[in-house]
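These numbers come from the heavy atoms of this one structure, side chains and all, not from hydrogens, waters or symmetry mates. Along the sequence shown, residues are numbered consecutively beginning with 1.
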Amino acid sequence: MIGGPKSPISSLGPMQPRTINAEGTKAYGWKAHGILVVNAADPRLTWPERELVKQLGEKLYGRARQEVGHG
């Protein structure tokens with residue numbers, strides 16, 4: 001065989017998961033569509049900003065699940 005054996009080809013190749021840039025995707029959503037995705041615990045936000053995000057989320061979607069502490 002010249003060049004050795006060929007690698008197997010799968011039709012599932014295009015379905016392999018890809019890593020995405022989450023921050024880039026959020027920025028694109030905001031700039032292109034006016035959709036804002038915010039983590040209420042984002043450390044880049046000040047306390048009043050985090051509270052505003054929390055209040056908006058609760059108003060639009062109801063209360064978030066509370067994390068249960070173990071220990």
Side-chain angles (χ1 to χ4, degrees):
M1 294 183 142
I2 299 176
K6 292 185 178 182
S7 297
I9 298 174
S10 171
S11 62
L12 298 176
M15 301 177 80
Q16 293 296 316
R18 290 180 227 142
T19 303
I20 64 165
N21 175 352
E23 286 300 313
T25 301
K26 291 184 221 179
Y28 172 78
W30 172 247
K31 292 175 182 176
H33 304 287
I35 298 170
L36 184 61
V37 178
V38 181
N39 180 344
D42 191 320
R44 296 173 292 183
L45 301 175
T46 63
W47 180 83
E49 291 167 338
R50 287 192 298 271
E51 284 299 307
L52 176 60
V53 168
K54 181 180 171 187
Q55 289 173 9
L56 288 170
E58 289 178 357
K59 179 177 182 177
L60 296 172
Y61 305 113
R63 292 199 158 223
R65 270 192 262 161
Q66 297 296 318
E67 300 225 0
V68 177
H70 297 282

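Heavy atoms of other residues, nucleotides or ligands lying less than 6.0 angstrom from NZ of K54 number 12 at most.
Here CD of E51 is found 6.0 Å from CD of Q55. Values are rounded to the nearest 0.5 Å.
Closest approach of N39 and L45 over heavy atoms only: O-CD1, 4.1 Å. Pairing each heavy atom of R63 with each of E58, the nearest pair is CA-CG, 4.1 Å.
Results of the side chain to side chain contact (heavy atoms under 4.5 Å, CB included) test with W30 over L36, I35, V38 single out L36 as the only residue that passes.
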